[in-house]
Amino acid sequence: MAKQYDVLFRLLLLGDSGVGKTCLLCRFTDNEFHPSHISTIGVDFKMKTLVIDGIKVRIQIWDTAGQERYQTITKQYYRRAQGIFLVYDITSERSFQHIMKWASDVDEYAPEKVRKILVGNKSDDVDKRQVATEQGIKLAKAYGMDFFETSAFTNQNIAETFTRLAEQVLAANKKDLDLLRMSNNDEINLAALEEEEGLCDGAPGDQGKGCWC
Amino acid sequence: MAITADDVSLEDIIPISLDFAVVEVSSSEELAVVGADTKMKVSYQEEELELRLPFGSHSRLFLSEVNRVWSDVCKTTTQAPKFEWISKYHKATRGLGTTVNKLNQHQKKEKSSDKKGTIEGEKGSNSGTHKSKAYSSPESQSIFSREDRNDLVRSSSHTPSNKAQILAMPQFGLRDNLIRCELLKNEDLYTYPEDFSFFLGTYNVNGQTPKESLSPWLSCTLNPPDMYCIGFQELDLSKEAFFFNDTPKELEWTKAVSQALHPDAKYALVKLVRLVGIMLIFYVKKEHAEFISDVEAETVGTGIMGRMGNKGAVAVRFRFHNSDICVVNSHLAAHIEEYERRNQDYKEICSRLQFRQLDPSQPPLTIMKHDVILWIGDLNYRISELDVSNVKELIGKKDFETLHSYDQLKRQIDEEAVFVGFAEGDIDFQPTYKYDTGSDKWDTSEKCRVPAWCDRILWRGKNIVQQHYQSHMALKTSDHKPVSSLLVIGIKKVNAEAYKKTFEEIVRNIDKMENECIPSVTLSKREFHFKDVKYMQHHAETLSLVNDGQVPCQFEFIQKPNEPTYCKPWLTANPSKGFIAKGGSVDIELEVFVNRSTAPELNSGKEQIEDILVLHLERGKDYFISVIGNYLPSCYGSSIHSLCQLREPIQDMSQETLREVAKMSGGENAVNTEKPLDIPKELWMMVDHLFRNALKQEDIFQQPGLRSEFAEIRDCLDTGIPDSLPGSNHSVAEALLLFLDALPEPVVPYSFYQQCLEICSNASQCEKVISMLPQCHKNVFNYLAAFLRELLKNSASNRLDVNILATIFASLLLRSPTKQDLAEKRKTQEFFQHFLAQGSS
């Protein structure tokens, strides 16, 4: 059987301490939710395989320490990311304000081609909401990003958000991928035919649902 | 690989010298495509090459070898090898240069599509790439780099887990194998059987050419079958066919077959395979063609010498939907008594017939590895124990059941000597061998062969039902009659929805497994607080790592950006890297020790006891560990100038004052309201103490003090102004020496050092130099010299002499900004001796 080719992306979760980066990751990769907050002190990662347009995409998602004192160190990880989640907490005006700073750090330290997506987490906690959905939409628009409100607690928009960013990264690197596909000749197609038959619509079932842009 | 580390040593092949560099080009900007390549930039003198090494352990081995050799080269200063062998390639390299230039222009146009560029480069510069192939790998491709060196340096900076390590993640090939394996195991979950009809036909044509239509044989079914697998034997008995495997009969019979296929459907010829006279043709109904894949054909000769093609088998394998099917057409050994030889031929065919797989890493497929095996042919098994008349009698009575019980094949199968696991339908037709050609009459030749069921159709596999099994008496071309069988086979069809679900489930499980296998440790503490850190006082805390992951792990403290080492100079982690078995643990000592090189910055408040360590697990996470603490400033490691500004003990001073004082050092206390001290009070306290208590102390400055007493003396000097100091005279003497040693700027400042060496033999010149020192330094120098002269006056009791004191003090007062050699050392002593002579000022 032909050798499969896999694509590996690195996606990075950024945002203030406590906005729920680790919870988003846990929910996405393990479908688990732990309500207690244990600060990530360091850089953690998990792997996840998605099938997008029939391509097996392996994403390595990096979860970074959000605390300010570690930022000089975490910045060096930006360089190796192809996609970045800018995460704030809809119940924290402050975490939303800080998105600007996170975004400017990304501009400075991440590769130019990096794709970004804005995420307002904890959308289940409506009583404590401090950041209106419209504010998120507006900010995302200003930065030219997609925007999702998510809840790691209720599993709202989690897969959608991660898949969307992965799709965008894939699209941004499409040229390279096509070349790769060409150079790997038709054996790939053959294998793709057998192994991924019926999987071509492996992307999220209902695209656009919950996306505000 | 042609070259391995065992055969030759790398340094003999590649000109690895100090100006040789191999840097992995980080591809953060582009897509990281796993399994594709590792990009390397190789530079040697003026030349730079960019290579792509194929993903895999060979490449990693190669790179680690290069790095090992390179670091060896760096360590040794021996004559660099000349690499004469390479000179003959230089021309070729130049050739590469021109090709590559073109390539680069091309790349400019294409921009960022360097993959395409590389492929074309490979085509265009075969001679040039040959060189790199010789020492990398067959698939490597090379292009010249246009990036400048700065880019190279920047992109190669060490990062905690670079691409190489990510590539070393659990191998992706392994992942695919796992997925494949799991998919196979769970096939029932996403496939369902659907019946397809397979028409199987076998015909020994005895070297004849087709003289009549084959329709009565091939179109005998009501409905058109989905597949046709038609086997012939003895297609051509000529010597030409035997020796050159070439025969016009192939085309003739193929034509005859295609004309006779069922008229109600269209068929596509998928594969034809022939070995001398054994031919197999495989047709498929047009609409099924797209579900046929992985078609392979093979032949095995078992004839003369056990190898020739007069006997043997041809076979075609293919995948139809999700079922793997193998069709074998064989012609086994002849003659009634040779049934064991036939059994042996069967076994030979089974073991020797192997289909290659598309994925070269997979082992070849044997016949028995298939879901469905269809075996047809002239198997040549005869009727034994009965003579011709008995056989013909039974045939006449149509008692095929009794006759069949004498059939060698049936008996051999019953004994499990051959065709184990195969099934055959009931035989309800008369033997197909041997007739007079052109008739339905039994063999009338003098040999008068006993009739036999030579031509058979067997199968092995699940969900197979035979619809018919018959011979076709209407055909008279050969001394055999053709046989056909229609099998309805349940083929595994894929339910796309269920497949997707199963596939996703498998991937999810493998992801989970992989995530669980990411190395992980628990840390006993994430923050370390070092309280009241003092000069030359060792503080240690223990960080315990427990490997709570599923795999052994390798840990290492790694550098942060813009810092030369993994931690601040006053901190060490011991061990800083290591290995922890699964479930095991390691204690790491975090040690803080402020010495003379780190004290000045801490005393002046420019630095704090504050650091973040990055503990990296190979192929795993990074942990941040905070180290904080407070440092108690000390006169040790403070400058003479600063100390002269401080009338109070240093630890009574605010951070701010200390910072201020440090800032204006050098300039003569412009803004200071108070007149500075002539000499640091701490120096005075020690010297005065010694002057009062130790002038006659035997072996003073020669016998070491006690470390604990030094700590007391240091605390005393830093916190108060007592009348006398604690500890023995020797301890105080040593504390004095340590004080001088810790001065960031020696008593004779570095800027005067060279001058002192030059005029060391001239006493008055020496004095002149001293007179030019900054005031406080001059004071200290003179004060110390005077004290030492006092000591020398008591040399009878303290057993000191000029030489001893000059040796000890010259090296402290006149320190070299660089490394000091022996000659310099002598000169500094000579310099200082002038000041120890009694009667000097």
Side-chain angles (χ1 to χ4, degrees), chain A residues 1-10 29-30 39 41-51 56 58 60 63 65 67 69-70 72-77 79-82 110-113 169-170 172-173 175-177 179-180 182-184 187 190-191 193-199 201-202, chain B residues 26 28-36 112-113 115-116 119 159-163 166-167 169 172-173 175-176 179-180 183 293-294 319 322 357-359 361-362 494-497 499-500 503-504 507-508 510-512 514-515 518 523 526-527 560-561 612 614-615 620-626:
Chain A
M1 217 164 281
K3 182 185 173 307
Q4 287 289 291
Y5 74 96
D6 278 351
V7 182
L8 178 78
F9 292 150
R10 261 179 239 100
T29 58
D30 305 334
S39 267
I41 303 176
V43 175
D44 201 347
F45 72 86
K46 284 183 190 287
M47 304 292 303
K48 177 89 176 176
T49 306
L50 295 176
V51 178
K56 259 188 264 168
R58 316 236 308 112
Q60 192 176 48
D63 179 21
Q67 287 175 39
R69 60 170 160 161
Y70 300 120
T72 47
I73 303 174
T74 49
K75 274 172 195 163
Q76 71 168 309
Y77 294 85
R79 196 164 70 73
R80 290 174 295 128
Q82 281 94 28
E112 214 177 306
K113 243 165 104 179
V169 171
L170 195 67
N173 294 279
K175 207 172 168 188
D176 290 341
L177 268 175
L179 286 165
L180 179 81
M182 262 157 49
S183 67
N184 273 358
E187 287 189 359
L190 203 74
L193 200 100
E194 287 148 36
E195 292 219 358
E196 276 152 20
E197 207 170 60
L199 278 186
D201 54 346
Chain B
S26 152
S28 58
E29 304 235 340
E30 69 180 72
L31 198 64
V33 179
V34 168
S112 87
S113 67
K115 279 192 178 98
K116 190 171 176 188
I119 293 158
T159 46
S161 54
N162 55 26
K163 191 186 168 197
I166 286 162
L167 285 174
M169 294 285 300
F172 289 99
R175 264 185 70 88
D176 277 343
I179 294 176
R180 209 175 296 157
L183 276 174
S293 66
D294 297 21
R319 194 174 171 82
N322 227 42
Q357 298 217 54
L358 275 177
D359 180 351
S361 70
Q362 297 290 315
V494 174
N495 176 328
E497 200 51 42
Y499 176 85
K500 184 179 158 185
F503 176 82
E504 282 174 352
V507 166
R508 197 161 35 240
I510 292 175
D511 278 352
K512 197 173 164 219
E514 195 178 333
N515 283 330
I518 293 173
L523 286 70
R526 300 299 282 263
E527 290 204 5
K560 297 182 287 288
I612 296 173
V614 181
L615 178 70
K621 339 176 173 190
D622 293 351
Y623 299 87
F624 298 160
I625 296 154
S626 301

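Lettering of chains follows the sequences in order, A, B, ..., and the numbering in each one begins at 1. In what follows, every heavy atom counts, from backbone to side chain, and hydrogens, waters and symmetry copies are set aside. Please read all numbers here as calculations on a predicted model, not as lab measurements.
In this structure, the portion of A/T29 lying under 4.5 Å from any heavy atom of chain B is its side chain and not its backbone.
Heavy-atom minimum distance, A/K46 versus B/I518: CA-CD1, 4.2 Å.
Contact check for B/I179 versus A/K56: side-chain heavy atoms found under the 4.5 Å cut-off. The shortest side-chain heavy-atom distance between A/K48 and B/N515 does not fall under the 4.5 Å cut-off. B/I612 is listed as a side-chain neighbour of A/I73, based on a closest heavy-atom distance under 4.5 Å.
Residues passing the ring pair (Phe, Tyr, Trp, His ring centres under 6.0 Å) test with B/F624, sequence neighbours excluded: A/Y70. Every residue meeting the salt bridge (charged side-chain N to carboxylate O under 4.0 Å, His left out) condition with B/K560, not counting sequence neighbours, appears here in chain and number order: B/E563, B/D611.
When the shell of 6.0 Å around NZ of A/K75 is examined, it contains more than 12 heavy atoms from other residues, nucleotides or ligands.
In this structure, CZ on B/R508 lies 11.5 Å from CG on A/D30, to the nearest 0.5 angstrom. Atoms CG and CG, from B/D511 and A/L50 in turn, are 8.5 Å apart once rounded to the nearest 0.5 Å.
Under a 4.0 Å N-O distance rule, the pair B/K621/A/D44 qualifies as a salt bridge.
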**Prompt:** Would A/R69 and B/S626 count as a side-chain hydrogen bond (donor to acceptor under 3.5 Å, both in side chains) if you check the C-alpha gap in whole Å, the side-chain angles of each, and the deciding distance to 0.1 Å?
**Reply:** CA-CA 10 Å; A/R69 60 170 160 161; B/S626 301; 3.0 Å; yes

